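Note sheet for the following structure.
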Amino acid sequence: MSYISTDPKSIAEAYAIQNELFKTMIVVSNIVKELGQRNSRFQYIYKSSREFRYEDFGILSTVAQLLLHADDKGQPELTQPLRDFFHPGVSPQDISLQDITESTQYSASILRDIMNTAIYEILNVYELQITVDQVPQQRFIDKHLRLLQYVYDKSKDARVRSISMTPEDLIKKEAVAVLFQYPNSLVSLSEKAGKASVRVLHILPGPKESCIRCKLEVRYLDEHGLDQALSYVWGSTQNPKCIWVEDKPFRVTANLHEALIALRHEDATRTIWVDAICINQLDLEEKAHQVRQMGETYSTAKATIIWLGGQNSESRTMTDPSDVLATLPSNFGGNMVDQYDLVGILERVHEVPLGTSWDRKRNTLSAMLVHCLNVIMSQEWWERVWTIQEAVLPREHPIIMFRGYEFSFEDFISAMKMVVRIRCTMKGGLLSLYDETPDTDLSKHALEYQLVHWENHSSHHVLQFFRPGQESQLDYSHSFKRSFHLLLCETSSYKATDPRDKCFALQAMLSYSRGALLYVDYNEPKEAVFKRATAKCYNGSGGLRITTKFKLLVESQQAAQNDTSVPSWTQDLTYSETRHCSENNEESMTFEAYLFKDDNWQPLYNRKSLEDTCFATPSTLFCSGVIIDAVCTTGFILDLRGEGWAHNMSTFLVGVLCTEGRTYWDKLEDNETTRALRREHLQPEAPEKLAGNIIQALVIKAITLFTFGGESSVKKTVDPRKRSLEKRLELIIGKQYFTTSNGLMGISMAPIEEGDILMAMDAAPAYFIIRQAKSLDGSSPGAGKHRIVARAIVHETQDEMTARMEGLETRIFQII
């Protein structure tokens with residue numbers, strides 16, 4: 001088998017492709033099954049292979065559809081193994097070639113994921129290495145299978161590496177249950193019964209002022225399911241509150257305590273699943289076990305309650321319309337409805353026809369609706385990664401509790417859609433918010449300010465794409481449309497108290513087979529979890545696009561730069577601010593946001609081919625790419641802010657381009673390109689004329705580089721320009737600039753040195769600075785091995801870089 005097309009042109013071709021994929025699956029399943037019998041570490045991969053066979057878009061379902069709907073004439077014969085594994089429970093249904101194509105592409109993608117995960121785990125557990133010649137191109141399934149068979153055979157005679165994993169210091173939130181001893185382990189109960197088990201919390205009835213008392217009960221999900229599940233934010237662990245569970249003291253956070261008080265009935269027991277209490281947070285094995293079945297937990301819950309908070313903690317009353325989250329004045333605009341009663345406000349907005357002319361009642365009601373949504377969306381719940389699945393997975397729309405009111409998630413979406421309608425009817429767009437003497441009449445201008453804030457902070461939440469039943473341009477409501485790489489990027493700006501949960505919390509959002517491939521283990525340190533997740537992205541269809549979304553560990557952690565045990569290509573998945581740095585919010589543009597815009601990507605990324613190499617093992621990233629140039633000078637960017645920023649920039653550039661008495665041009669290598677540059681810019685005039693020529697040629701590009709694209713955006717209006725430039729010039733203070741031997745100027749994300757190499761990988765949109773790898777004793781670990789030092793941006797456009805990189809020799813890099 002060679003390259004398998006996943007774009008069949010006919011049912012017959014799809015038939016043949018599925019046959020090939022199925023035969024490969026049988027081989028892979030046998031390998032991972034034997035590995036799982038030999039070492040329990042591999043059992044999660046075997047589970048994924050089993051799920052792959054039988055899930056809705058699994059390979060057997062696809063073949064069954066082909067059997068049921070294909071024309072009998074001229075169709076290839078199924079192999080006997082395929083007939084043996086044929087799943088008879090699939091009902092006939094009308095399908096198209098497009099349906100089969102999507103299913104075929106999914107099958108091939110999952111099969112590669114399973115093989116790549118197995119390869120990674122074998123190399124990791126048995127400390128094996130592979131050579132450049134053995135690295136498979138991404139779409140060649142036969143090469144992946146060949147490599148899997150090779151490392152599998154090698155593992156039979158290899159020793160398992162000793163893994164002395166000490167759990168990281170227990171984070172503070174795990175200490176809230178320290179006073180309580182759980183009588184049993186859910187892991188052992190599940191294994192004994194062969195069923196998914198959970199604990200549920202019975203909140204006993206009582207008056208509002210009395211202490212919270214509860215009981216715990218073990219349930220099996222397939223027998224009883226869950227009545228309710230709570231989605232909330234743990235909140236600060238400072239000043240914990242005490243409740244009573246099984247007549248024993250149990251400490252919880254203040255936020256959870258407030259939620260339990262609101263949930264408790266005065267005359268009836270309430271049964272609900274609450275993770276902080278129902279999971280033994282000090283038992284890392286049970287914690288991982290429950291995380292792995294989190295999708296089933298929330299999917300079987302009859303109702304999910306989202307707790308956003310009770311009392312209004314905002315003491316400010318709005319006097320200036322720009323203070324968008326402050327409390328509105330009482331009876332704002334003469335409207336009697338409470339400003340946090342979302343459903344009540346929405347009903348009254350529907351009663352008033354939308355229009356473009358000024359209408360006090362309509363505008364103030366609209367402002368109240370947008371303000372209510374802005375305050376709702378400003379709650380911490382929307383920033384936590386765990387809460388996404390808790391809102392997406394329940395079958396029924398979750399109920400949201402906020403400041404004494406309850407409304408459904410459907411009501412929330414209806415309110416968001418109404419705001420879109422309101423925004424579209426604004427006559428002439430939003431009023432200018434940058435006047436030197438703005439009109440502060442709340443009833444007149446509150447709506448404009450509220451809409452600006454909504455567009456910048458509230459209008460693009462990922463739940464619009466993931467919650468089933470929500471129509472959107474990007475529809476990821478079905479788990480089969482989601483990849484791990486996609487989820488990481490879409491949830492990049494979400495936070496987790498334990499950084500490892502940025503990966504673990506995504507498992508339930510994936511299809512069963514993909515989710516099973518996420519190895520959940522709280523005994524592994526953050527670096528190991530991030531390394532595994534990074535390799536998963538690099539080896540998947542997303543390639544290295546993630547490098548424009550997250551920092552590298554070597555950039556965010558100073559210690560990682562010299563820690564050779566952590567590969568330099570490992571991404572820091574803790575947090576990314578790129579989602580908040582949109583074109584609607586020019587002031588917030590950062591290095592990462594500038595790098596994320598495809599106009600600033602290196603040109604090789606846009607011309608991918610089947611020959612491109614990108615494959616990560618536990619120790620090495622094998623990737624094809626080119627060396628662009630060598631770094632010849634470096635320095636740190638000064639504070640260029642102020643009224644004379646353009647003069648400051650020009651003066652600074654002259655200093656950069658004429659360092660140490662030698663001009664920038666003198667340092668260039670002597671070649672055709674640099675000779676052309678000299679002819680264009682070096683004239684026999686006085687030195688001040690030389691500086692003028694340099695400035696004239698480079699200052700505009702340098703402004704674009706040093707303001708992260710601000711040179712074009714700042715021309716829109718006067719006042720926003722000043723604010724945007726001040727912010728961007730502040731961000732680059734202390735960043736390291738560099739120039740190269742052939743005339744490039746750039747900014748690096750971390751400290752670099754003269755002699756480092758600027759390069760581009762075929763599979764990555766970003767530019768990288770790399771350095772010859774050295775061991776701790778200063779020796780080289782092997783010829784051709786490098787470590788990434790930083791990502792970089794350069795001053796030339798894509799077209800200019802395309803011309804510069806034309807004809808450069810492609811080579812395979814080994815990044816460690």
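Because the structure is predicted, anything quoted here is derived from the model rather than measured.
- Donor-acceptor pairing under 3.5 Å is lacking for the side chains of Asp799 and Thr797.
- Using a 4.5 Å heavy-atom cutoff, the side chains of Ile815 and Ser568 are in contact.
- Residues Met761 and Leu621 are in side-chain contact: their nearest non-hydrogen atoms beyond the backbone lie under 4.5 Å apart.
- Atom OG of Ser748 and atom CD of Gln736 lie 4.5 Å apart (nearest 0.5 Å).
- Here OG1 of Thr570 is found 8.5 Å from CG of Leu552. Values are rounded to the nearest 0.5 Å.
- Annotation: the span from Ser741 atom OG to Ile628 atom CD1 amounts to 13.0 Å, rounded to 0.5 Å.
- Counting non-hydrogen atoms of other residues, nucleotides and ligands closer than 6.0 Å to NZ of Lys735 gives a total above 12.
- Of the residues listed (Val125, Leu128, Leu123), the one engaging Pro618 in a side chain to side chain contact (heavy atoms under 4.5 Å, CB included) is Leu123, and it is the only one.
- Side-chain contact between Met801 and Val794: present, with at least one pair of heavy atoms (C-beta onward) separated by less than 4.5 Å.
- Looking at heavy atoms from C-beta onward, Val626 lies in side-chain contact with Leu604 at the 4.5 angstrom threshold.
- Applying the ring pair (Phe, Tyr, Trp, His ring centres under 6.0 Å) test to pairs two or more places apart or on separate chains, those with a residue in residues 532-557 are Tyr538-Trp569.
- When all heavy atoms of Ala760 and Met805 are compared, the closest pair comes out as CB-CE, 3.9 Å.
- Counting only distance, with no hydrogens or angles, the side chain of Thr620 and the backbone of Thr617 share no donor-acceptor pair below 3.5 Å.
- Remark: the Tyr767 side chain and the Thr547 side chain contain no N/O donor-acceptor pair separated by less than 3.5 Å.
- The side chain to side chain donor-acceptor pair (under 3.5 Å) test applied to Thr491 returns no partner, not counting sequence neighbours.
- Annotation: side chain of Leu808 is not in contact with side chain of Ile627 (no heavy-atom distance under 4.5 Å).
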Between Ser619 and Ile816, is a side-chain contact (heavy atoms from CB on, under 4.5 Å) present by the stated rule, with each step listed?
CA-CA 6 Å; Ser619 61; Ile816 62 174; 5.9 Å; no
Using side chain to side chain donor-acceptor pair (under 3.5 Å), reason through Gln137 and Lys143 one step at a time and then give a plain yes or no.
CA-CA 7 Å; Gln137 278 83 25; Lys143 294 184 178 180; 3.1 Å; yes
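- A 4.5 Å side-chain heavy-atom check between Phe484 and Leu506 finds at least one atom pair inside the cut-off.
- Evaluation of the side chain to side chain donor-acceptor pair (under 3.5 Å) rule for Thr810 yields no partner, not counting sequence neighbours.
- The one candidate from Leu705, Ile732, Ile637, Ile752 that meets the side chain to side chain contact (heavy atoms under 4.5 Å, CB included) condition with Tyr737 is Ile637.
- Listed here is the closest heavy atom pair of Tyr494 and Lys502: O-NZ, 3.0 Å.
- Checked options Asn600, Thr548, Thr578, Asp599; the residue passing with Tyr594 is Asn600 (criterion: side-chain hydrogen bond (donor to acceptor under 3.5 Å, both in side chains)).
- When side chains are defined from C-beta on, Leu553 counts as touching Glu527, because their heavy atoms get closer than 4.5 Å.
- Exactly one residue among Val132, Thr131, Val135 makes a side chain to side chain contact (heavy atoms under 4.5 Å, CB included) with Gln814. That residue is Val132.
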Please assess Arg532 against Glu121 for the test salt bridge (Lys or Arg N to Asp or Glu O under 4.0 Å), listing each intermediate value before the final yes or no.
CA-CA 9 Å; Arg532 183 188 305 276; Glu121 205 63 77; 2.7 Å; yes
